[in-house]
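Only one structure is covered here, and it is reproduced in the block below.
All residue numbers in this chain count up from 1 along the given sequence.
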Amino acid sequence: MNAAHLSLAEHAARLRRRELTAVALIDTCAQHHARTEPRLNAYKTWDGARARSAAAAVDTLLDQGLDLGPLMGLPVSVKDLYGVPGLPVFAGSDEALSEAWQAAGPLVARLQRQLGIVVGKTHTVEFAFGGLGVNAHWGTPWNPWSPHEHRVPGGSSAGAGVSLVQGSALLALGTDTAGSVRVPASMTGQVGLKTTVGRWPVEGIVPLSSSLDTAGVLTRTVEDLAYAFAALDTESLGLPAPAPVRVQGLRVGVPTNHFWDDIDPSIAAAVEAAVQRLAQAGAQVVRFPLPHCEEAFDIFRRGGLAASELAAYLDQHFPHKVERLDPVVRDRVRWAEQVSSVEYLRRKAVLQRCGASAARVFDDVDVLLTPTVPASPPRLADIGTVETYAPANMKAMRNTAISNLFGWCALTMPVGLDANRMPVGLQLMGPPKAEGPLIGIALSIESLIGKGFDVLGTVVP
C-alpha cells in the first residue's frame, strides 16, 4: 500500500511495532511542506524544529514500551485560533494576540497529553468570519486541486484542508460556526466533522460566536475521522471508535428544498449518484422538504448571531483592531453594530424554535443527506471585491449553516469531482450529540463508494 494512503490507525500501529519512527514520519511531513508551502501557503506558523524534537522524544518513549494514547507521534496541524504553548496566535489578524492566548485549552491539552505532534498553525479567515478562506493580511491559501489558477480552499479553517492534501499533517484541528470545518474539507476533498455545541470544549480558542462556535477535525478519510474522534472525544473515553452501521434498512432523508437551489449541476449529479448507491445497497431513501430552513437562513443572511457576537467581542477585547480588519470582515462587523438587543434575542429564540421543531424529522429518518457546498471553489480573482465576495461567501455556507443554526452535528465526505475537476462533498446531518452514529453511517458510505483518494484520485500539490 502507498504509505501516503496509510490510515491513522495503521501509522500508529507501525510506530508501536517500531516499523516506523516518529522522526521519520515528521521528516516526511516537513519535506512535503518545504516542497509546496511557498505556493500553497497553508501555514501561518510552521514549527518543524520543535515537531522533530517532540518526535525524537516519542521514539524514546516507544522504545521503552510507553504508550500515551492513540495520537502519540502523529503529525497534527492546528488552526490559528487555538492556543498552543510556544506558538503565537494571530486569529487571522494583522498582529499576534497577547501571549496569554498561547495557553492550551482542553482539546489541545488532550492532544498533547497523548504526545500528538503539532507541526504548525494553519491560516484562518480573520477571526474565522468567512467561508471562502480569504485573508487580506497574510494571503489566501491555494487550493491544491487547482494547479494552474488560484482557487480558494474554503474557510474559515482555510489552511487545514490544504495541510492534509499537502501531506504536512495527517490530522487537522479546525472550528465550525457556520461551516468552517466542512466547507474547506469539501473544497479540498477531505472529511470534516462539526460537533454539537458543547460536546467539545472551546476554551483556549479565539471565539467568533459564543452561541454557535464548535471545535472540529479534518481528516483524509472517514476511517481516520473515526479514529481521531475516539481519541479526542471525552464523552467516548474508553469506548471503541465508531463502527460502520448496516446500510440495509438505513433510513436516509434527502431534503428537497434549500440545499439544491441554484446548485452546480455537476455537484448535484455527484451527490445524487451517491444517493443511488445507497438505495441500491438497501437504504430507504425518503425525499421531503426540511422545515424552517428558509426562516433560519434568512436570519443568517442578515448576520445571524455570529456578527453581533463578534462585534461585541471585538469592542470589548480588541477595539483597536476594528478599523484594521480585512474589509470583507470589517463591513459585516460594522453592520452588526446596528442590530438591537431586542432583535438579537428575537433571532436567538427563533433559531432555537426552528432547530427543535426541525429535529422531529429524526423520528422518521436516521440521517439527512445533502450536498455540502453547492458551488465549485471560485477563483480568487473572481471574488476580489466586497461586492463579488459577499454572494460567493454566502453561497459557500448556505448548506452547512443550517446544522449550526439548528444546533445539530454534521460531517462532510468526498464523493467525486465537479465539472472544474474540483472535489465535491456530501454532507450528513444528525441530531445533537449523535456524532458517533453519524460517523458510523459515513463509514458505511465510504465502504460503498471508496475512500477519498480512491473517489477523487490523488492530487499532486
Polar contact flag, side-chain donor to acceptor under 3.5 angstrom, Thr196-Glu435
yes
For the pair Lys44 and Thr122, evaluate side chain to side chain donor-acceptor pair (under 3.5 Å) and give the outcome as yes or no after the intermediate values.
CA-CA 5 Å; Lys44 178 65 186 78; Thr122 52; over 6 Å; no
Could you list the residues that satisfy ring-ring contact (aromatic ring centres under 6.0 Å, His included) with Phe90, not counting sequence neighbours?
Trp138
Go through the structure and list residues passing ring-ring contact (aromatic ring centres under 6.0 Å, His included) with His258, not counting sequence neighbours.
Phe297
Name the orientation class of the two ring planes belonging to His317 and Tyr313 (parallel below 30°, tilted from 30 to 60°, perpendicular beyond 60°).
tilted
Yes or no on side chain to side chain donor-acceptor pair (under 3.5 Å) for Gln427 and Thr370, after CA distance, side-chain angles and deciding distance?
CA-CA 5 Å; Gln427 178 176 229; Thr370 76; 2.9 Å; yes
Tell me whether Glu235 is salt-bridged to Lys433, with the criterion being a basic N under 4.0 Å from an acidic carboxylate O.
yes
Would Asp264 and Ser376 count as having a side-chain donor-acceptor pair, cut-off 3.5 Å?
no
Take Asp233 and Trp200 through the test side chain to side chain donor-acceptor pair (under 3.5 Å) and record every step on the way to the result.
CA-CA 7 Å; Asp233 186 59; Trp200 285 1; 2.7 Å; yes
Pair Asp80 + Lys121: basic N to acidic O under 4.0 Å
yes
Does any donor atom in the side chain of Ser93 or Glu126 lie under 3.5 Å from an acceptor atom in the other side chain?
no
Sorted by first residue and then second, give each ring-ring contact (aromatic ring centres under 6.0 Å, His included) pair with at least one member in residues 38-75; sequence neighbours left out.
His33-Tyr43, His33-Trp46, Tyr43-Trp46
Check this for me, if you would: do Asp262 and Arg398 make a salt bridge, where the nitrogen-to-carboxylate-oxygen distance has to be below 4.0 angstrom?
no
Under 3.5 Å side-chain donor-acceptor pair for Ser168 and Gln166
yes
Looking at Asp326 and Arg330, does any basic side-chain N land under 4.0 Å from a carboxylate oxygen?
no
Can you see which heavy atom on Leu325 is nearest to which on Val329, and at what distance?
CD1-CG1, 4.2 Å
Minimal heavy-atom distance between Val23 and Asp59, with the atoms involved, is N-OD2, 3.1 Å
Where do Tyr389 and Gly131 come nearest, in terms of heavy atoms and distance?
OH-N, 4.1 Å
Assess the side chains of His5 and Glu10: does a donor N or O sit below 3.5 Å from an acceptor N or O?
no
In Å and rounded to the nearest 0.5 Å, what is the CZ to CG distance from Arg182 to Asp176?
4.0 Å
Lys451 and Asp454 ion-paired at < 4.0 Å:
no
Chi angles and distances behind the side chain to side chain donor-acceptor pair (under 3.5 Å) call for Lys79, Ser180:
CA-CA 11 Å; Lys79 184 178 185 177; Ser180 287; 4.6 Å; no
I want to check something: taking the side chain as every heavy atom from C-beta on, are Ile205 and Asp213 in contact at a cut-off of under 4.5 Å?
no
To the nearest 0.5 angstrom, please state how far the CG atom of Leu171 sits from the NE2 atom of His11.
12.0 Å
